[in-house]
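Lettering follows sequence order; numbering is per chain, from 1.
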Amino acid sequence: MAPPRVRFAPSPTGYLHIGGARTALFNWLWARRTGGKFVLRIEDTDRERSTQLAVEAIIDGLKWLGLDWDEGPDIGGPHPPYFQTQRLDLYKRYAEKLIAEGKAYACYCTREELDVQRKKAEAEKRQFRYPGTCRDKPYDPSRPHVIRFRVPEHGATSWNDLVKGVISTPHDTLQDEVILRGDGVPLYNFGAVVDDITMEINLVGRGDDHVNNTARQILMYQALGYPVPTFAHFPMILGADKARLSKRHGATSVTAYRDMGYLPEAVLNYLVRLGWSHGDQEIFTRDELVKVFDLKDVGATAGVFNPEKMAWVNHEWLKKLSDEELARKALPFFRKAGLPAEDDAKLRHVCAVARERAKTFGEYVQQFRYFYAPPQLDPKAKAKFLTADNRPVLQTIRDGLAALPALETGALEQIFHGVAAARGVGLGKVAQPVRVALTGGTASPGMYDVIQILGKDEALARLDAALKTIP
RNA sequence: GGCCCGUUAGUCUAGCGGUCAGGACGUCGGCCUCUCACGCCGAAAACAUGGGUUCAAAUCCCGUACGGGUCACCA
């Protein structure tokens, strides 16, 4: 069998959506797995909504995820161009071929006329379908017209969907749909078919929402005299309320997750598990996926996007990175928050303690900004721990620290344990007041780490500041 | 509403006629412990429903309910 040629064909009407990213991922994986080709095509025939900005956003998103294409915009390929609006003559040629063979025809009905009929049908609670008014009218290119595809009136078209099995669509649910607008721009079903034919796409993997387009497209392949590709329809991604995932469910763009401090490996990993599985395995590297991914293992049921699990996956990936990698990747997030972080030993130490405690770089900044900015004193923590009773504890720790030549863990241990022993209390009684003084709150990494990260001067300054708040 | 697709714990899923229905996120409890987190141990939690077929059904068939998709000179 010829190596698969698959494609991702987004319409540039917005950013790269989570759902689109997964569609791209499944196609990409299949191509990489089988040694096939992955083609990127921009379906920009909706001129009202398509923008150059969106094209760039989508390309950015794909690149960030590491989903590289073998043919497409900016790199070209054997079947250019890769923007539909630059292929208009092609659609026209194919449409004329259909007209010449009586498989398509010009329709002179105006939008207004059709709207009237549609309204009437609606009023009568009838299903409106184009009645074939112009089916047998002679072709007069000089009159304003659209081109309609002639659909067989009887019978049904079926195909064996790679993920859903056999699906059949009765022809009487179809209509002679418009394939070319008055201005010569193709409609989705026709444009996609002509492009998939000319780009030699032999496996079409796309979202579930295209199932109802498939029969008409198959009819077009047949009318045009080309082999019908294999189809695979991936289940939808839903929001928590089981409605199709949309903005109101929260962040749905891939780049939003990038900006929140997710790793592309993690986003990919989470997405691939939504609708696909490989035994009990949860964490996959890209290379592993390329080895084991199979379209046959894609499930048929829609899945709910679960941000908590995605965060968990990201955490798993973050935990694998070295302190150096972590620091390098986290740096921009601290900077963006206006914090004076540098790619230095301090940041590496911050990341070392953050690694087990935060799931995204966004959380790194949120949870550990006190390493780079004055602590925000939590009133409840202050009331409980920055008390007159604890003054001697803070003072002793402060003096012990001040006398220390270097902030070695062993030395810090000695100070803290010494104070605890002298007062006959547990370490917690000593550490908590200090923690509040140093970080502003009652939850933080271990005290020795915190002190080492802050450095002697800053630690002393914060202890002094805390002592001043105690009457 | 017509047509199409789907239905295993709150969520993602394994299962492909005989399993104590497995794993993961989340939740709860415990251990560890200077707090938090990590880690480890443990718990609760699912085959939508009614009929068939079969010695045997989460697995096959039909109905019902529920959910989703789609019905444009959008994609």
Side-chain angles (χ1 to χ4, degrees), chain A residues 9-13 43-50 84 107 109-111 114-115 118 125-130 145-148 161 163-165 167-170 172-175 177-183 185-189 191-192 206-215 233 235-236 238 240 242-244 270 273-283 297 299-313 315 319 353-359 367 381 385 413 416-417 420 426-436 439 441-448 450:
Chain A
S11 110
T13 55
E43 306 210 334
D44 54 351
T45 53
D46 184 344
R47 287 172 152 162
E48 302 277 298
R49 297 192 301 151
S50 297
Q84 288 193 321
C107 170
C109 301
T110 64
R111 246 184 254 251
L114 291 170
D115 279 346
R118 224 185 301 273
K125 300 203 164 170
R126 242 176 48 231
Q127 180 79 21
F128 175 76
R129 275 206 298 278
Y130 176 72
H145 66 277
V146 301
I147 305 298
R148 285 185 186 271
D161 196 279
V163 344
K164 302 216 176 238
I167 300 179
S168 185
T169 303
D172 60 10
T173 65
L174 271 25
Q175 63 176 336
E177 68 180 282
V178 177
I179 57 176
L180 228 50
R181 293 177 171 97
D183 61 3
V185 178
L187 268 88
Y188 169 72
N189 281 313
R206 72 231 300 199
D208 217 344
D209 47 339
H210 287 294
V211 166
N212 288 296
N213 289 320
T214 306
H233 287 97
M236 298 273 91
L238 312 175
K242 306 249 181 177
R244 186 195 197 121
Y270 176 70
R273 283 285 291 101
L274 207 49
W276 175 86
S277 62
H278 183 67
D280 286 339
Q281 191 172 346
E282 295 287 348
I283 302 300
D297 298 325
T301 68
V304 173
F305 181 78
N306 184 337
E308 278 84 40
K309 181 146 184 186
M310 181 144 119
W312 174 79
V313 172
H315 197 195
K319 283 192 284 186
V353 299
R355 145 188 278 117
E356 307 295 344
R357 277 168 257 257
K359 295 176 178 173
Q367 285 184 36
F385 292 106
E413 249 168 33
F416 277 76
H417 280 107
L427 237 200
K429 296 284 186 198
V430 178
Q432 279 309 75
V434 177
R435 189 182 315 280
V436 174
T439 70
T442 53
S444 85
M447 278 335 295
Y448 313 143
V450 170

**Student:** Kindly write out the residues that satisfy salt bridge (charged side-chain N to carboxylate O under 4.0 Å, His left out) with A/Lys429, not counting sequence neighbours, or none if the list is empty.
**Tutor:** none

**Student:** Restricting to side-chain contact (heavy atoms from CB on, under 4.5 Å), what partner residues turn up for A/Ser277, sequence neighbours left out?
**Tutor:** A/Arg273

**Student:** What residues, two or more places apart in sequence or in another chain, satisfy salt bridge (charged side-chain N to carboxylate O under 4.0 Å, His left out) together with A/Asp46?
**Tutor:** A/Arg49

**Student:** Can you name the side-chain hydrogen bond (donor to acceptor under 3.5 Å, both in side chains) partners of A/Arg148, sequence neighbours left out?
**Tutor:**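 None.
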
**Student:** Looking only at heavy atoms, which two atoms of A/Pro186 and A/Leu180 are closest? And how far apart?
**Tutor:**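 Looking at all heavy atoms of both residues, the shortest contact is CA-CD1, 3.6 Å.
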
**Student:** Under a 3.5 Å cut-off for both distances, is B/rC60 Watson-Crick or wobble paired, and to whom?
**Tutor:**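 Result: B/rG52.
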
**Student:** Applying side-chain contact (heavy atoms from CB on, under 4.5 Å), name anything that partners A/Leu187, two or more places apart in sequence or on another chain.
**Tutor:** A/Val178, A/Arg181

**Student:** Does A/Lys125 place a side-chain N or O at less than 4.0 Å from the phosphate oxygens OP1/OP2 of B/rG2?
**Tutor:**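 Checking B/rG2 against A/Lys125, no side-chain N or O comes under 4.0 Å of OP1 or OP2.
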
**Student:** Just jot down the side-chain hydrogen bond (donor to acceptor under 3.5 Å, both in side chains) partners of A/Arg244, sequence neighbours excluded, or say none.
**Tutor:**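 A/Arg244 satisfies side-chain hydrogen bond (donor to acceptor under 3.5 Å, both in side chains) with A/Asp209 only.
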
**Student:** Distance check, P atoms only: B/rG69 and B/rC12, in whole angstrom units.
**Tutor:** 15 Å

**Student:** Identify, with sequence neighbours excluded, every residue that meets salt bridge (charged side-chain N to carboxylate O under 4.0 Å, His left out) alongside A/Glu43.
**Tutor:** A/Arg41

**Student:** Whole angstrom is fine here: how far is it from NE2 in A/His278 over to C1' in B/rC16?
**Tutor:**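 Between C1' of B/rC16 and NE2 of A/His278: 17 Å.
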
**Student:** With the sugar-phosphate defined as primed atoms, P, OP1 and OP2, and the base as all remaining atoms, what B/S/- string results for nucleotides 66-75 of chain B, 5' to 3', for protein heavy atoms under 4.0 Å?
**Tutor:** --SBSBSBBB

**Student:** Please list, chain by chain and in numerical order, all residues satisfying side-chain hydrogen bond (donor to acceptor under 3.5 Å, both in side chains) with A/Asp297, sequence neighbours excluded.
**Tutor:**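 Result, side-chain hydrogen bond (donor to acceptor under 3.5 Å, both in side chains) vs A/Asp297: none returned.
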
**Student:** Pairing check on B/rC36: which nucleotide meets the Watson-Crick or G-U wobble criteria with it, both distances under 3.5 Å?
**Tutor:** none

**Student:** Could you pull out the protein-nucleic contacts involving nucleotides 46-48 of chain B (nitrogen or oxygen on both sides, under 3.5 Å)?
**Tutor:**
none

**Student:** Does B/rC4 have its OP1 or OP2 closer than 4.0 Å to a side-chain nitrogen or oxygen of A/Thr169?
**Tutor:** no

**Student:** Whole Å only: how far is the CG atom of A/Asp297 from the C1' atom of B/rG15?
**Tutor:** 13 Å

**Student:** Identify, between A/Gly303 and A/His315, the residue whose nearest nucleotide on RNA chain B lies closer to the 5' end.
**Tutor:**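 Upstream on the strand: A/Gly303.
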
**Student:** Under the salt bridge (charged side-chain N to carboxylate O under 4.0 Å, His left out) rule, collect the residues that match up with A/Arg111, sequence neighbours excluded.
**Tutor:**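 Once residues adjacent in sequence are excluded, A/Arg111 has no partner under the salt bridge (charged side-chain N to carboxylate O under 4.0 Å, His left out) criterion.
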
**Student:** Which nucleotide, in any strand shown, forms a Watson-Crick or G-U wobble pair with B/rG1, with both distances under 3.5 Å?
**Tutor:**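 B/rC71 is the nucleotide pairing with B/rG1.
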
**Student:** Any donor-acceptor pair, under 3.5 Å, between the side chain of A/Arg357 and the base of B/rC36, if you only look at N and O atoms?
**Tutor:**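 Side chain to base: pair found, below 3.5 Å.
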
**Student:** Searching all strands shown, indicate the nucleotide that pairs with B/rC66 (Watson-Crick or G-U wobble; both distances under 3.5 Å).
**Tutor:** B/rG6

**Student:** Between CD of A/Gln175 and CZ of A/Phe128, what distance do you get to the nearest 0.5 Å?
**Tutor:** 6.5 Å

**Student:** Quantified in whole Å, what is the C1' atom distance between nucleotide B/rC3 and nucleotide B/rG17?
**Tutor:**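 Going atom to atom, C1' in each nucleotide, I get 33 Å.
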
**Student:** Taking the side chain as everything from C-beta on, heavy atoms only, tell me whether A/Asp208 gets closer than 4.5 Å to A/Lys164.
**Tutor:** yes

**Student:** Can you tell me the Watson-Crick or wobble partner of B/rG26, both distances under 3.5 angstrom?
**Tutor:**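 With both distances under 3.5 Å required, B/rG26 matches none.
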
**Student:** Can you tell me, in whole Å, how much space there is between the P of B/rU53 and that of B/rU11?
**Tutor:**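 It works out to 33 Å between them.
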
**Student:** Using 4.0 Å as the upper bound for N to carboxylate O, is an ion pair formed by A/Asp172 and A/Arg129?
**Tutor:**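 A salt bridge is absent here (no side-chain N lies under 4.0 Å from a carboxylate O).
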
**Student:** Provide the Watson-Crick or G-U wobble partner of B/rC16, both distances under 3.5 Å; none if there is no partner.
**Tutor:**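 B/rC16 is paired with nothing.
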
**Student:** Rounded to the nearest angstrom, tell me the gap between atom CD in A/Glu177 and atom P in B/rC3.
**Tutor:**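 After rounding, the reported distance stands at 19 Å.
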
**Student:** Quantified in whole Å, what is the C1' atom distance between nucleotide B/rG1 and nucleotide B/rC28?
**Tutor:**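 About 46 Å, rounded to a whole number of Å.
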
**Student:** Considering only the P atoms, how many Å lie between B/rU27 and B/rC38, rounded to the nearest integer?
**Tutor:**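 To the nearest whole Å, 10 Å.
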
**Student:** Protein within reach of the bases, or only the backbone? For nucleotides 23-34 of chain B, mark each nucleotide 5' to 3' as B, S or -, using heavy atoms under 4.0 Å.
**Tutor:** BBSS-------B

**Student:** When rounded to the nearest Å, what value does the distance between C1' atoms of B/rG22 and B/rG15 take?
**Tutor:** 8 Å

**Student:** Considering only the P atoms, how many Å lie between B/rA58 and B/rG51, rounded to the nearest integer?
**Tutor:** 14 Å

**Student:** Considering only atom C1', compute the distance from B/rC4 to B/rU19 and round it to an integer number of Å.
**Tutor:**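 Between the two C1' atoms, the distance is 34 Å.
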
**Student:** Under 4.0 Å between any heavy atoms, over every strand shown, what does A/Gly191 touch: base, sugar-phosphate, or nothing? Just pick one.
**Tutor:** nothing

